[in-house]
Amino acid sequence: MLSSFSASTGRGRGAARIAAATLASGLLGAGAVLAGAGTARADGATRSEGGAQATIGGLKTYGAAVIHDEAGDQEISAGLFEMSVEGGGTLQTYCVDLFNPTQKGAKYHETAWSGTSLGANENAGKIRWILQNSYPQVNDLAELARKAGVRGGLTEEDAAAGTQVAVWRYSDGADVDAVDPQAEQLADYLEKSARNLPEPAASLTLDPPALAGRPGELLGPVTVRTDAGTVTVTPPSAMSGVRIVDEKGTPVTATSDGGQVWFDVPEDAPDGTAELVVQGSTTVPVGRAFTSDTRSQTQILAGSSESTVSAKASATWARTGAVPALSAEENCAKGGVDITAVNEGDESFTFSLLDTEYTIDPGETRTVTIPLQEDQVYDFTIEGPGFSKRFTGILDCLTQAAEADNTTTQTLSEPSPATVGGTSRDTNLAATGSSNATPVIAGTAIGLVVIGGALLIFRQRNGGTGQD
């Protein structure tokens with residue numbers, strides 16, 4: 001929520017981008033395939049996590065705050081963002097990535113804390129406590145003011161600004177204060193009162209997200225985990241001949257939390273893959289993280305209407321040889337992307353990424369971490385018998401405070417938001433891309449897409465038809 005860039009001496013985002021460029025150049029020299037410039041996440045790419053997908057709008061309820069650092073004091077806006085959910089619904093969020101810009105119109109997806117800076121933040125549970133015990137979860141502002149000892153009451157803008165400031169103190173370790181005295185008093189109360197709470201469960205996931213086997217078998221089970229009352233199950237295209245059934249072989253079109261389904265693959269089906277989609281409607285749990293596959297700051301959920309959530313699972317089958325199932329998830333603790341491979345075949349499955357070869361033996365399940373640089377766009381494809389899996393995204397694991405001791409923030413000239421601290425309901429910060437910072441931000445984003453690298457790739461042993 002701050003139009004800025006980091007000028008560092010060998011550390012921080014600047015160093016990460018240089019390292020990413022160097023890494024990509026090395027990949028090209030080794031003959032890897034480079035992705036063309038464009039959106040980081042593309043249709044057909046695979047993400048193992050389910051939940052809500054949303055588009056960020058802008059700040060809707062906010063006040064003013066001041067960041068104190070070695071470069072001096074800087075006033076910014078602080079408050080609630082609003083997101084529109086794909087399929088219906090609205091989310092309210094605070095940011096947990098203070099020194100990163102927010103791009104208006106960026107696409108976001110619900111994700112686990114482990115795929116964000118929250119995963120390594122020992123105070124992440126305190127942020128969840130703040131969200132559950134402040135605005136908008138507590139919309140009785142008189143009661144909230146009483147608990148915080150605020151005389152004169154709180155406006156919605158005070159409540160949103162004070163809550164965001166308290167979140168930043170734990171998410172970014174920032175020295176930041178609210179400008180309005182009432183908002184500052186609320187921020188102090190929330191910071192001092194916060195207690196660690198566990199990470200909330202996802203609104204909807206499928207376990208496992210990928211499986212494999214032989215045609216003529218029931219492949220599964222896939223277990224549904226959700227707080228939605230009922231979810232619909234959409235089977236693969238009828239042309240595939242694959243049905244989604246229960247353990248008795250009865251077709252399934254709807255289920256609920258804990259429900260299990262199987263892929264019923266015809267015995268005469270050629271080697272291939274199929275995908276099912278599960279969708280429902282629920283309120284997304286407070287404290288769920290939302291990240292974008294473009295360069296846009298990480299958000300954390302503060303409020304949700306009844307919203308559409310969805311998840312996908314895939315099945316792969318082959319008559320002979322290796323039969324792998326692949327899924328991916330960002331792992332900030334290890335600084336990369338975890339590829340989980342299950343081989344249900346009778347031959348080994350081997351693939352190579354970043355000049356490293358990985359072999360999954362018959363009957364083996366293995367998770368390997370593909371190391372990436374911070375801020376690196378990734379786009380790689382792994383192929384196998386009858387299928388191709390593409391994984392895309394951007395690794396965004398660090399806040400500026402966590403990145404470097406020698407990083408300073410230079411603020412670019414920017415127009416002030418209209419009525420900072422006021423009640424405009426559709427004002428977007430200059431940080432969302434509407435300032436003179438935009439060319440810098442956009443140029444960096446394009447550069448990251450170009451250098452991200454589409455990493456091939458695959459090789460199947462014992463007579464496979466893959467490429468090296």
Side-chain angles (χ1 to χ4, degrees), residues 1-2 4 6 12-13 56 59 62-63 65-69 74 76-81 83 91-102 106 108 110-137 159-178 183-184 186-200 285-292 295-303 330 332-333 374-375 395-405 407 409 429 431-432:
M1 297 170 67
L2 177 67
S4 64
S6 299
R13 295 194 186 278
I56 197 163
L59 280 173
Y62 63 90
V66 176
I67 300 173
H68 311 286
D69 61 22
Q74 182 179 356
I76 60 173
S77 297
L80 272 172
F81 282 92
M83 292 189 185
L91 307 178
Q92 292 175 301
T93 61
Y94 291 105
C95 88
V96 287
D97 199 0
L98 171 58
F99 293 95
N100 212 12
T102 300
Y108 278 76
E110 184 181 342
T111 191
W113 287 0
S114 60
T116 73
S117 60
L118 296 171
N121 186 339
E122 63 182 8
N123 292 314
K126 292 183 178 181
I127 297 173
R128 186 185 177 197
W129 185 95
I130 290 170
L131 299 174
Q132 289 190 333
N133 290 274
S134 190
Y135 182 77
Q137 286 300 302
T163 305
Q164 177 66 93
V165 166
V167 168
W168 277 334
R169 290 174 182 174
Y170 282 123
S171 65
D172 293 73
D175 183 3
V176 58
D177 297 317
E184 173 64 14
L186 174 61
D188 289 343
Y189 158 74
L190 294 171
E191 180 186 13
K192 293 175 183 177
S193 302
R195 302 291 182 269
N196 268 311
L197 296 179
E199 178 179 2
V286 170
R288 288 297 289 171
F290 280 79
T291 58
S292 175
R295 197 77 203 110
S296 193
Q297 65 186 193
T298 303
Q299 304 280 316
I300 192 165
L301 188 73
E330 290 172 10
C332 285
E374 174 70 5
D375 283 350
L395 192 71
D396 182 14
C397 292
L398 302 178
T399 64
Q400 178 171 320
E403 288 179 37
D405 297 327
T407 299
T409 300
L429 288 182
T432 64

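The structure displayed is predicted, hence computed values, not measured ones.
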| request: Could you tell me which non-hydrogen atom of Tyr135 sits nearest to which non-hydrogen atom of Ala159, and how far apart they are? | output: CB-CB, 3.6 Å
| Is a side-chain N or O of Arg169 found less than 3.5 angstrom from the main chain of Val176, in a donor-acceptor match? | yes
| query | Rounded to the nearest 0.5 Å, how far does CD of Glu184 lie from CG of Leu186? | reply | 9.5 Å
| query | Hey, does the side chain of Asn133 reach the backbone of Trp129 with a donor-acceptor pair shorter than 3.5 angstrom? | reply | yes
| field | Note, Gln74 side chain near His68 side chain (heavy atom, < 4.5 Å) | value | no
| query | Under the 3.5 angstrom rule, does the side chain of Glu191 hit a backbone N or O of Ala166 as a donor-acceptor pair? | reply | no
| task | Please round to the nearest 0.5 Å and tell me the distance separating atom OG1 of Thr111 and atom CD of Gln299. | result | 13.5 Å
| task | Given side-chain contact (heavy atoms from CB on, under 4.5 Å), test Thr163 with Ile130 step by step and report yes or no. | result | CA-CA 7 Å; Thr163 305; Ile130 290 170; 3.9 Å; yes
| query | With distance as the sole test, does Gln92 use its side chain to make a donor-acceptor pair with the main-chain N or O of Pro136 at under 3.5 Å? | reply | no
| message | What I'd like to find out is whether the side chain of Asp175 reaches to under 4.5 Å of the side chain of Asp69, using heavy atoms alone. | response | no
| message | If you compare all heavy atoms of Ala289 against all heavy atoms of Leu118, which two are closest, and at what distance to 0.1 Å? | response | CB-CD1, 4.2 Å
| said: Any heavy-atom pair between the side chains of Thr116 and Ile300 that's under 4.5 Å? | reply: no
| task | Examine distances only and state if a side-chain atom of Gln164 and a backbone atom of Cys95 form a donor-acceptor pair shorter than 3.5 Å. | result | yes
| Check: Asn121 main-chain N/O paired with Trp113 side-chain donor or acceptor under 3.5 Å | no
| note | For Ala194 and Tyr170, the nearest pair of non-hydrogen atoms, with its separation, is CB-CE1, 4.1 Å
| In Å, rounded to the nearest 0.5 Å, how long is the span from CH2 of Trp168 to CD1 of Ile127? | 12.5 Å
| What are the two closest heavy atoms between Gly287 and Pro200, and how far apart are they? | C-CG, 3.6 Å
| Step by step, would you call Tyr108 with Ser296 a side-chain hydrogen bond (donor to acceptor under 3.5 Å, both in side chains)? | CA-CA 9 Å; Tyr108 278 76; Ser296 193; 2.7 Å; yes
| Pick from Asp97, Asp396, Ile56: which one makes a side-chain contact (heavy atoms from CB on, under 4.5 Å) with Gln297? | Asp97
| query | So, the side chain of Ser171 versus the backbone of Val167: is there a donor-acceptor pair under 3.5 Å, distance only? | reply | yes
| task | Rounded to the nearest 0.5 Å, what's the gap from CG on Asn123 to CG on Asn196? Could you check? | result | 6.5 Å
| field | Closest approach of Gln137 to Gln132 (non-hydrogen atoms, all atoms of both residues) | value | CB-O, 3.8 Å
| Shortest non-hydrogen contact from Ser77 toward Leu59 | CB-CD1, 3.9 Å
| request: Kindly say whether Cys397 contributes a backbone atom to a donor-acceptor pair with the side chain of Glu374 at under 3.5 angstrom? | output: yes
| message | For the CG atom of Leu131 and the CG atom of Leu190, what is their distance to the nearest 0.5 Å? | response | 9.5 Å
| query | Just wondering, do Leu80 and Tyr94 contact through their side chains at under 4.5 Å, heavy atoms? | reply | yes
| Do Leu301 and Phe290 come close enough that some side-chain heavy atom pair is under 4.5 Å? | yes
| message | Distance check, rounded to the nearest 0.5 Å: Leu395 atom CG versus Glu330 atom CD? | response | 5.5 Å
